[in-house]
Amino acid sequence: MSLENKEIPAAPSDFIRDIVAQHVAEKKYPQIHTRFPPEPNGYLHIGHAKSICLNFGIAHEFGGVCNLRMDDTNPAKEDVEYVNSIIEDVNWLIAGWADDKLGLKPKGKTPETVTSNGRPDFYLGHSTLNPQPSNGLEPFYASDYFDQLYEYAVALIKKGNAYVCDLTPDETDEYRRNAKESPFRNRSGEESLDLFTRMKNGEFPDGKRTLRAKIDVTAPNVWMRDPLIYRIRHADHHHTGGKWCIYPMYDFAHCLSDYIEGITHSICTLEFEVHRPLYDWILTHLDLPRPLPHQYEFARLSLTYTVMSKRKLLQLVDEKLVTGWDDPRMPTISGIRRRGVPATALRAFAYNIGITKYNGLTDVAVLEHAIREDLNKRALRRLAVLRPIKVVLTNYPEGKTEELDAVNNPEDENAGKRKIPFSRELFIEQDDFKEVAVPKFFRLKPSGEVRLKYAYIIKCDEVVKDAVGNITELRCTADLDSKTGGPTANRKVKGTIHWVSAAHAIDAEVRLYDRLFTVPEPDKATAAAGSELSAEPRANDFKSTLNAHSLEVVTAKCEPSLKDAKPELRYQFERLAYFALDKDGAPGKLVLNRTITLKDTWAKEAQKG
RNA sequence: UGCCCGAUGGUGUAACGGUAGCACAGCAGACUCUGAAUCUGUUUGUCAUGGUUCAAAUCCAUGUCGGGCAGCCA
């Protein structure tokens, strides 16, 4: 069994899963049916990953289905680029885990008019389960239901539960704030129907009229104060083209999309909690013949050292503060993937943080731990030197090369071994030599000994410097009996360091990524903290906390086996970090991204002084 | 301001009227041919005040603090 298919830890329990489990026990529904409904107006981020893992996790654990649906009712903000990235990201995240629960539909399929329980109904039929979306299948689109939503709106008007309103946007706001009835509230159903038809036919400009649900303008919950359910937008839609100039609002489209698809559990984030009465109102006022979906809310994810809002992420992209949506420093799923994080690690993280209604702030260390735990098990060990310093072994024959055995992964016997060339001239890490060593520094120092991993114990005899005092070379002698497996191999020296043979090393462009922000809560940053004490954070202030050193590029010296590195594999440069191939690489040009460093207890110790 | 929701160690979560547990982080140690991993130990917690009860993190009331909503965005 490969790591990709390895099951993630025991299914968690939370208040939503408890509800679902109860419904399953009661046999309340023939099948549990969730959905993941992003708006295609940006790339998915790690907060969406939490939602994906919840919705697909429930489908996975309770034998259900989870539809992927584009919540695309606002043509102004949405784009096919985003649709495609969403499909790619979801498929990547659920691959080998819940891809058999992914609900799709045949391309172009729209809801059918059927009879359910003796009454007319719109229903899409059962979702198609298929892990290959390219196979004539596509995700669901709220925009595929525009015909049906229009019919539902007409039905509401005919029942006296909706009316066309001519108030301007400002007036609408004012009336709603003051709990005042619109003067158009009591116009006849016939007149509303006529005006709604003409809205649809394009007779009015944007903003001229709206369709509103007739509920209760004095309701304490403002979303019940005759909310808008349709507005005029003369704009092409990425999926329906120029067919429509009126578009349904979220509240109207979402609950009915859930219904049309046969969703049982409609799970969303906390900010929609106040919308739930409206969700229920619309569904219960349309005399729908099948069981109604129900909405449940959980807290969205916040992470330290991260911004999560699509607006801010878009700003980073637009202002070229990162290289794109998939910049490995971005908290987007595509960025995280490019950074080298396996989907299994992201899923483990999502499971570990749990689901509640408390708006907390999760320490990014929890994510980092999940990544390290995953990578430790799968990464192939390699020797590579990021910042080289030359070492010459004066007692080792010139021109001699040995092939030394090296373990590919101590956590996985099946990963096997490889050969590493060893010779008289080597590179070691600058950090692994100190001319004036501090007490607990047990790496290489003048007259000190250190083990070269898989090779010999060496002793530093001489430090060679250039005219300005920079170290150019270390001249060392090797204990030629101390080679791994040799007579004095068990001689104890405190330190072991990594190295590469200078003559055999290959170069790689290595991108050392660090956190994008320097403070735990960039959203709370105040740019002008000096001049305006206790100032409220302003919309753009988060950019003042960007980490200037979030990317450093070095040319590393790597052991030659790395020329065969594969994009689907992960590598650990021993004692340093985990790496993955970047798409910018080419045959003969190695480009690696640092996914995450190894834990570095020494760095912490050294900082203490 | 109105409405809604929430509050358990530093952080995130569990305990569903009956011993406050887990993970991350931290600290200390063991081991180590990766200062990684692994292993051991360990500091720190039920927002407050009342009430119900043999018994309250859990139920009730009030307060405090925090979050959300008040777009013709989702």
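Just so it is clear, the structure is predicted and the values come from calculations on it, not from any experiment. Values below: all heavy atoms of this structure, side chains included; hydrogens, waters and symmetry mates excluded.
The ring-ring contact (aromatic ring centres under 6.0 Å, His included) test with H239(A) singles out one residue from W244(A), Y141(A), F140(A), F146(A), and that residue is Y141(A).
Taking atom P in both U32(B) and A25(B), one finds a spacing of 24 Å when rounded to whole Å. Here the separation of U46(B) from C65(B), taken at their C1' atoms, is 16 Å to the nearest Å. For C47(B) and A7(B), the P atoms lie 9 Å apart once the distance is rounded to whole Å. For the P atoms, the distance from G50(B) to A56(B) is 14 Å, rounded to whole Å. Comparing the same atom, P, in C3(B) and in G12(B) gives a spacing of 28 Å after rounding to whole Å.
The aromatic ring centres of F272(A) and Y279(A) sit 6.0 Å or more apart. Note: Y296(A) and F15(A) fail the aromatic proximity criterion, with ring centroids not under 6.0 Å apart. Taking the six-membered ring for Trp and the full ring otherwise, the centers of Y578(A) and F573(A) sit at least 6.0 Å from each other. In summary, the aromatic rings of Y230(A) and Y247(A) are positioned with their centroids too far apart to meet the 6.0 Å limit.
Picking from C27(B), G35(B), C33(B) the nucleotide with the shortest atom distance to the side chain of F442(A) gives G35(B). Listed candidates were C3(B), U34(B), U8(B). Nearest to the side chain of Y358(A) is U8(B). The side chain of R575(A) sits closest to G35(B) out of A25(B), A14(B), G35(B). Out of U13(B), C24(B), G12(B), the shortest distance to the side chain of I353(A) is found at G12(B). Here the nucleotide nearest the side chain of R381(A), chosen from A37(B), U34(B), C3(B), is U34(B). Among the nucleotides G26(B), G35(B), U32(B), the one closest to any side-chain atom of K604(A) is G26(B). Of the candidates U34(B), G35(B), A37(B), the closest approach to any side-chain atom of K599(A) belongs to A37(B).
The pair E574(A)-R382(A) fails the salt-bridge criterion, with no side-chain N (NZ, NE, NH1 or NH2) lying under 4.0 Å from an Asp/Glu carboxylate O. Using a 4.0 Å cut-off between charged nitrogen and carboxylate oxygen, E203(A) and R198(A) count as a salt-bridge pair.
Glycosidic conformation, G71(B): syn, with the torsion inside 90° of 0.
Among the protein residues, Q572(A) comes within range of the nucleic acid bases, having at least one heavy atom under 4.0 Å from a base atom. Using a 4.0 Å heavy-atom criterion, one finds that T484(A) contacts the bases of the nucleic acid, with or without backbone contacts as well. Using a 4.0 Å heavy-atom distance criterion, F573(A) is classed as making no nucleic acid contact.
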Task: Base-pair map of RNA chain B as dot-bracket, where | denotes pairing with a different strand and pairs are Watson-Crick or G-U under 3.5 Å - done: (((((((..((((....[..)))).(((((.......)))))....(((((..]....))))))))))))....

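Taking atom CG of L444(A) as the reference point, atom P of C33(B) lies 18 Å away to the nearest angstrom. Atom CZ in R372(A) sits roughly 10 Å away from atom C1' in A36(B) (whole-Å rounding).
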TODO: Would you give a per-nucleotide map of nucleotides 63-74 of chain B, 5' to 3', where B means the base has a protein non-hydrogen atom under 4.0 Å away, S means only the sugar-phosphate does, and - means neither?
DONE: ----SBSSSBBB

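Between the side chain of R451(A) and the backbone N or O of S482(A) there is at least one donor-acceptor pair closer than 3.5 Å.
Atom CD of E413(A) sits in a sparse spot, with 12 or fewer heavy atoms from other residues, nucleotides or ligands closer than 6.0 Å.
In terms of phosphate contacts, H369(A) brings a side-chain nitrogen or oxygen within less than 4.0 Å of OP1 or OP2 of C24(B). An OP1 or OP2 oxygen of C33(B) is reached within less than 4.0 angstrom by no side-chain nitrogen or oxygen of K483(A).
When the nearest nucleotides of RNA chain B are assigned to K50(A) and G486(A) by heavy-atom distance, the more 5′-ward of the two goes with K50(A).
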